[in-house]
Structure formats: C-alpha cells, structure tokens
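See structure below.
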Amino acid sequence: MAVELCLLLLLCGSTISEVQPIYKPPPGTLDFGFVPAKTYDTGAYHEPGPIGILFKIVHSFLYLVQPNSFPQDLIRKLAQQKFGNTQGDYQKPENVVLTLQAIYYEIGFIVTAALGLLFILLLPLVGLCFCMCRCCDNCGGEMHQRQKKNADCQRSCFATFLFVASLIISVGVLCAYAANQHLTNQVRGAKKLVNSNFKDLKIFLNDTPAQIDYLVNQYNTTKDKALSELNNVGPLLGSRVQEQLGKEVHPALDAALTMAGVKVERAIKAIRETKEALENVSVSVEVLQEGTERLHANLTDVKMHLNNTLSDSACSAAQTASTCNIIRNSLNQLNINANFSGLPGVSSQLAKVNDVLKIDLSSLVQKGYAAFNDTPDLVVNQTRNILSDIKTVLESIGSNITTFTKTLPVQNILADLMVSLTQSEAYVQDYFPVVEQYDFYRWLGCLILCCMVVLILVFYYLGLLCGTCGYDKHASPTTRGCISNTGGNFLMAGVGFSFLFSWVLMIVVVLTFVTGGNIEKLVCEPFEDKTLFKVLDTPYLLNQDWKNYLSGILFKNPNINLTFEKVYSDCKENKGIYTSLHLEHMFNIEEFLNISMYTEDVALKIEHIQINLSKIILLDEIGKENLLNFSSSGIEGINFAAYLTEINKSVTKVDLLSFANDLEARADQLPKGALENALKGHANSIRMIHNQQVVPLEQAMSTLNQSIRLLKRTSSELMVKVKNVISAVNAAQLLINNNASLVIVQETKKYMDTIVGYFEQYVEWVKESIAMEVAACKPIANVIDTAVDIFLCSYITDSVNTFWFGLGSSSIFLIPAIIFAVKLSKYYRRMDTEDVYDDTENGNNGYHKEHLYGIHNPVFTSSVEQW
C-alpha cells in the first residue's frame, strides 16, 4: 500500500503541475489558467465550546504539576537505550542516570500520584478505625453531648463549612459529568469527521488524473502562442529589425524634414514659412517706403499751414506772442524719423526658395519611409519555408509529451489505492458501532462514579436541610425533634458512604490522571508545536540502521533528508505531494522537463532566418540636392542689421497724438477768436494723419520685424543643419547597407528567445504546479490532525483530564466534608443523655444529676466525646 502510494505520488509529480495565477498576466506572459482542484471538506480544527474553559483550567493545573518543557533529549536517549536484555542493564551508570532524569521530569506526576495512593490506602483504614471507635462509644459514638455556651456558634460554623465543601464537591462532580457527556457526544459525532476525511482522500485520488490531463493539455496554450508568433513573423521580427534600425534611420529622415527642429510632418511648412517671411519683408518694405513718402509730404503741408496761421497779426499781440513763438519753435518736430528707402531687397532669395518648393521634398522622404516600412513584408516573404518546418517540430513535441504521459501506469495505481481506501472505509464503518458500544459502557461506568458522589451529596444536603430546618435551640439534646434527628442521621450516612466510595473514586482518578496527564504533556503539547516530529526525525531512532526513517520506508534510501516535520508542514500548507515527499529521488521531473530537449530544434530552425535589406533607399540624390539648394538660398546674406536699425526707430520724431493734444491745449490759452479755431483745426488734421498713415506704417513695421527676425534665426544655422541632416541620412543608409545583417542576427536571436521563452514559461508553470497544487496533500495532514489533535487530544485526552480533575477535586473535599459532617451531626441527632450544669456557687463540677436520668454511674464529659 505504501509503495503504491509513493509510486502514484511520484507519477503525479512527474506529469502534473499546478499554478493558480491570481493576477492578470502582463503582455508576453502566458495564462495557463487554474489547475482543476476541488475544495476539501475537512476542517481539522476543533472548537470545544463552553467546556473549553474547563479544558484551559485543567491545562493550567497540569502546568503546575509538570512545568518542565518537553524532554526531547531524554526521550531520544531512552528510545535508543536498551533495557532488559540482561539483569545488569538497569545497573549501568548511564541507565541509572536516564532513570533519574525520567524521575526528575515526572516528579510532579509521581508526587501527585503518591498522594493519591496514600489517599487510597489511608482513607479506608481511617474509615475502619473510625467505625470501630464509634462502635465502642468513642470518637463521638456515645449518644451524649456536652453543652457549651458557644454551641450555636460551633454548629453554625460546622454547617457553613460543610455546605461550602458540598458546593465544591458539587462543582467537581458537575465538571466530571460534563466531561463524560462531552466525550460521548464527540464520539457520536466523530463518524461525520471520519467520513469527511475519507471523502477528501477520495477527492485527492480522483482529481489526480484530471490534473494530469490539464497540465498536459496546457501545452497547447504554449504551442498556439508560439504558432501565433510564427504566423506574425513579419509584424514581430520584421518590426523588431525595423525598430532597431529605426533608432538610426528615423532621426536621419526626421532631420531631413525638421529644418531647425520642426517635426517631420511640419517640414514643408517650415520652408513655406521661410518663403512667406521673405514675401512679407518684400511687401512690408514697399509699403513702408511709399507710406513714409506720403507721410513726409503731408507733414510738410501741415507745417506750412501752421506757419501761415502763426504769421497772422493776432500773434503779434502781447498776450499771444509767447504762445505763438512756442508753437512756431516746435514745428521742426513734425517730420519722419525712419528711412526705409535705403534698405536692400530680398527678391533674389525669394526666387531661390520658390525654386526649392517646386520639388516635393515630402514625397521624396516618404519614399524612404515606405521602403523602410516594407521590412515586415520582406521578413514574411523570406521565412515561409522555415516557418512550416518549425510548426512541424512544435506538433511533434506535443505528440511526444502526450505519448510519454500515457505510458505512466497512473490509472492502475489510482484504482488500487481507491480499492484499499474503500476497504478501509468499510472496515471503519463496520467497527464504528462497536466503538460506540464500548463508549456507552465507559459513559455508564463514569456516570456510576458520578452517582456515587451525588449520593453522598444528597445525604449531606438532606442532612443540612433537615438539621437546619428541624433544629430547635430551645430543645435540649435529649428532646430534639424527629426532623433534626433525621438530618443528623443523613449526615452520618453521607460519612459512611464517603468512606465506602472515596477510595474507589481516587483509584480511578489516579489512573486517569497519570495516563491522561502524560498524554497531554508528552503527546498533545509537543504535537501542537511540532516538537514531537523533531523527536521522530532523530537519526537512527526508529531504526538503528537508518538515518532517516521516513525515506527508508518510502524510498528504501535512508540517506535522503526526508523528515516527518517537513512532510507534515508541507501537507499542512497544501503543497503538492511531489514536493512534500521529495519524489524527485524516485523520478526527477527536471530531466523530463529539460527545456533543451524541446527547444533545440526550434532554435536551429529560427537561426536559419536571413533577411536582405539592401534595396532600401532612404533619400535619393534629388532630395539631397533640394536640401542643399534651400540652404544656399542666400538668406544668410541679408543685411539684417540695417533692417533692425530702421525697424527699431519710430515712424515720426514726435508722437503726433501728443503733439496734437499739446497744440490744442496751447490754443485754449489764446483769446477766443479765429486764431484759436485755426490752431484747433490744425490739431485735428495732425490726429487724422496719425490714424490714417502712422498706424498702418507701425503695423507694417511690426510685420517686417517678425519676418526679419525669423529669417535671421533660420539663416544663422541653416547650412549646418542641412549638412547634419544629409550626414545623418548617409549614416543611416550606410547602417542599412552594411550593418543590417548584424541587427538582423541580434533581433532574430531575441525573436528566438521569445519563442523559447514560452516553453520556459510552460516548464516553470509545470514545476510550480507540481510543487504546490498537483496532488495537494492537505488530506494527509488532515488525517493526522484528526487522529492526534482532534480524536486523541481534543476529544479523549481533554475530556478524560477534565473528568479526573472534577472527580479528584470532589474526592479530596470529601475529607473535610466527613469531618464537618461528624461534628455537625452531634448537634442535630437526639442524644440519650445530656449535661445539666448548676451555678459554681453550688459546687457544680461538671457531673450530671443521676436522679434526673436514672443513670447510676456518672458520666464525665470530655473533649473526646465531641469528636
């Protein structure tokens, strides 16, 4: 069975894989989806509910009894040491030391158990002596009570102490009963948990073939992706070659069209802007020359008319003479300032630019782009035969994988394991009623033990109830009522049953305490923190000839580092069985998934791809000559300084609007009359000249300024840029003609790595799936947890420990209950004789009067009688 399981797990590990991508794959990453896996039903965790508080209290008590940590070294030495082969083995020093160490570790249990044994031995003996003593009218057996002044206080104290002890005993017996019932309930409900484990194991076996098929079928995802890449070899490989070459080619082509940095699509626009700037310069100069001539003539007429007006006799008057002189002196300012008649023309440069525009430079460069962009088509045409061979290789790889997986006897092994699992399940189902039957006997026995304590408690509670309710403090001990007497009898009955049952109870407590306590400390606690597995993994512990016991059982090779702890931890994390059991030592999946055996033929085929790009012409001689003609258009020969000098001048020497306003203001200083009106008329004429002639001239100067500055910027680096463009184009053409083969080889290798990378992704996905999800062994860990942590520790050990804890506490508190019950019964039972005291003056010495009781022998009461 174990060998078959190992072989199954090995085969699972060799052909299955599991990866569950939990994110959307980035471009270039294959998405293999989720390995089919069902959810396991078993939750290997037990929540005890309210009784868990009692379990924690018991755990705390056990820690007080046994605070020592788990003795790993001691257990290893004890397991490896041989005892009993000869009589002298026990006397060897090392064995004596080990025995003493074991006793030291168990000292808490030993002392506690010794106290329990002392209880078992002494309590029956004390009960026998007590019974014999009372039969001899001693130990409180004499029906006579000595009366004391503090009798009521003593009775109340004894009743209170007995009631408290009874309450503690009640709590203990309730704990014991709850633990007993809890264990029975868990045993009855264990069938569902067992069935859940078997169901998970069946799922574990049934899902394995589907997972194997899924992993094998996912090769089609890899193959389809590779075929897609091959079918698009033009856009992919061709585009990569084009992209790498484009790093040199595109800048050259762009530079041919940018002309001072303008982008390719704006190259023609840049030339046209140069043409427009030249045209603007030519037109603006003509406008300025004609405008300044007219302005000069008009300003001359204005000055002449002003002189005539100022020559009037009205200006000879004393109050107007000074104003007229000021106006007469300012007439020289009415003159033009800028002279555009001497600026050189730009007609020759404009003619050369127009000649450049006759050739469509854009179409020439686009031809180079088109030739370069045909690279993907060239790749497709030159790789047709090679791609068909690669596709044939991919199909053969898929056939080889499928054929290999079919040769593995997975189905036969799974069928055998399923038969064994079904037989085991049937065996458990058949014997489960027997387990429940025996558990019923156990439950009944524990219930009887609890009933023993309950019987004692009934007597004590009835005794307290009857004694308290029937007690009459005015009645003498010999005249106590029936109810009070009955209460005392109940208390003594409880005392009698306490002596009869307590030692039996303590025997059960000691046995379950020693057993359950040690299981908790030596099995459950070390299992929880995995210390127990470390002990089991000790080399040469379970087999003196094997370093690693688990690998020796599974692989017949004890040198393989396979530990119980690692296997349990991996299965707890639901990893694949291949990783958990290190099945690579039986079948190395690395050899089966060797990427070279799948990709070598593909790589050889791809390396034969050759691409010829020598027919690509980026920019012909006509385009280069056109660029040179543009650079030699003569723009750099324009006298930009002369233009800028005149442009920076104002049109007139004085602002005509300001002059007109000043003239009108001075006219207002003159007396009202013809002179004033004439001067204001001249001011309006000046304003009209400004609006109709100066403003258009200023606009023409602004246009000329912009155009001249644009031409100046263009001319400063035009020749250098054109030469750089042509040099870049020539370098790119040289790269295509001479270095394209190297780029093609490099990009072909990258293309091959991309295709091979899909196979590597598939292989890595298979490996990851095998390690984590294929044949995930969570059910195996669940079986161990169910058997040890839940059944043994949570169900049985915790319940048993809580049972002896409750029963033991009840048994211990029977001792003070016995004492208080005997003491208290003396105050409730009807006495045969009683003390009668006289005052001390009458010489009363403590003897009772004989004539009152008809007793001829005096009775001397002593403290012994009150026990």
Side-chain angles (χ1 to χ4, degrees), residues 58-122 506-553 558-569 784 787-789 792-793 796-798 800-801 804-805 808 812:
V58 175
H59 291 165
S60 300
F61 177 77
L62 286 175
Y63 179 78
L64 292 176
V65 174
Q66 175 55 283
N68 300 321
S69 59
F70 182 68
Q72 299 184 42
D73 296 335
L74 177 60
I75 291 179
R76 291 190 183 102
K77 293 177 181 179
L78 289 173
Q80 293 174 345
Q81 194 68 30
K82 295 182 180 180
F83 289 95
N85 291 342
T86 61
Q87 186 176 1
D89 285 345
Y90 295 98
Q91 299 178 357
K92 291 181 179 180
E94 60 272 18
N95 293 341
V96 173
V97 172
L98 289 177
T99 302
L100 293 177
Q101 290 178 349
I103 292 174
Y104 176 77
Y105 176 78
E106 291 284 338
I107 191 65
F109 286 103
I110 293 174
V111 171
T112 308
L115 294 175
L117 293 176
L118 191 63
F119 182 96
I120 295 170
L121 295 176
L122 293 182
M506 187 55 67
I507 290 176
V508 176
V509 168
V510 171
L511 293 177
T512 54
F513 164 74
V514 174
T515 304
N518 278 286
I519 292 177
E520 174 67 27
K521 301 299 290 187
L522 297 177
V523 178
C524 297
E525 290 184 2
F527 176 82
E528 184 177 357
D529 59 13
K530 300 180 183 179
T531 310
L532 186 62
F533 293 110
K534 296 180 181 179
V535 175
L536 295 177
D537 292 331
T538 302
Y540 310 106
L541 179 68
L542 302 179
N543 189 313
Q544 294 181 349
D545 299 325
W546 289 353
K547 180 179 180 181
N548 296 287
Y549 182 79
L550 188 57
S551 60
I553 289 293
N559 294 322
I560 297 175
N561 187 21
L562 183 65
T563 63
F564 288 99
E565 181 184 10
K566 188 65 169 61
V567 171
Y568 174 78
S569 298
I784 297 175
V788 179
D789 187 40
L792 178 60
C793 296
I796 299 176
T797 304
D798 282 345
V800 170
N801 287 340
W804 63 250
F805 182 77
I812 292 173

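Residue numbers run from 1 in the order of the sequence given.
- Every residue two or more places apart in sequence or in another chain was checked for a side-chain hydrogen bond (donor to acceptor under 3.5 Å, both in side chains) with Y549, and none qualifies.
- Residue pairs satisfying the salt bridge (charged side-chain N to carboxylate O under 4.0 Å, His left out) criterion with at least one member in residues 529-550, sequence neighbours excluded, are absent.
- Under the ring pair (Phe, Tyr, Trp, His ring centres under 6.0 Å) criterion, F527 pairs with F533, Y568, sequence neighbours left out.
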**Report entry** Trace of the side chain to side chain contact (heavy atoms under 4.5 Å, CB included) decision for M506 with I812
**Finding:** CA-CA 9 Å; M506 187 55 67; I812 292 173; 4.2 Å; yes
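- Taking the side-chain contact (heavy atoms from CB on, under 4.5 Å) definition, one finds that L121 meets it with nothing, sequence neighbours left out.
- At distances below 3.5 Å, at least one donor-acceptor pair connects side-chain atoms of T538 with backbone N or O atoms of V535.
- Listed by first then second residue, pairs satisfying salt bridge (charged side-chain N to carboxylate O under 4.0 Å, His left out) with a partner in residues 58-73 read D73-R76, not counting sequence neighbours.
- Listed by first then second residue, pairs satisfying side-chain hydrogen bond (donor to acceptor under 3.5 Å, both in side chains) with a partner in residues 513-524 read K521-E525, not counting sequence neighbours.
- The side-chain hydrogen bond (donor to acceptor under 3.5 Å, both in side chains) search around N561 returns none, not counting sequence neighbours.
- Under the side-chain contact (heavy atoms from CB on, under 4.5 Å) criterion, S551 pairs with N548, F555, I560, L562, sequence neighbours left out.
- Expressed to the nearest 0.5 Å, how far OG1 of T797 lies from NE2 of H59 amounts to 8.5 Å.
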Query - Trace of the side chain to side chain contact (heavy atoms under 4.5 Å, CB included) decision for L98 with L74 - result: CA-CA 7 Å; L98 289 177; L74 177 60; 4.1 Å; yes
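- Other residues, nucleotides and ligands place more than 12 heavy atoms under 6.0 Å from the CD atom of Q72.
- In this structure, the separation between CD1 on I120 and CG on L115 is 11.0 Å, given to the nearest 0.5 Å.
- Remark: N801 CG to I519 CD1 distance equals 8.0 Å, nearest 0.5 Å.
- Atoms CG and CG, from L792 and D798 in turn, are 9.5 Å apart once rounded to the nearest 0.5 Å.
- Taking the side-chain hydrogen bond (donor to acceptor under 3.5 Å, both in side chains) definition, one finds that T112 meets it with nothing, sequence neighbours left out.
- Q101 contributes atom CD, which lies 12.0 Å from atom CD1 of I75 (distance to the nearest 0.5 angstrom).
- Residues satisfying the side-chain contact (heavy atoms from CB on, under 4.5 Å) test with F61, not counting sequence neighbours, are V65, F513, W804, F805.
- A pairwise comparison of heavy atoms in Y105 and S69 identifies CE1-O, 3.3 Å as the closest pair.
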Query - L62 vs F109, side chain to side chain contact (heavy atoms under 4.5 Å, CB included): CA-CA, chis, key distance, verdict - result: CA-CA 9 Å; L62 286 175; F109 286 103; 4.2 Å; yes
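- The distance from the CZ atom of F564 to the CG atom of L532 is 10.0 Å, given to the nearest 0.5 Å.
- For L100, the side-chain contact (heavy atoms from CB on, under 4.5 Å) criterion is met by V96, not counting sequence neighbours.
- The minimum heavy-atom distance linking P71 with L522 is given by the pair CD-CD2, 4.2 Å.
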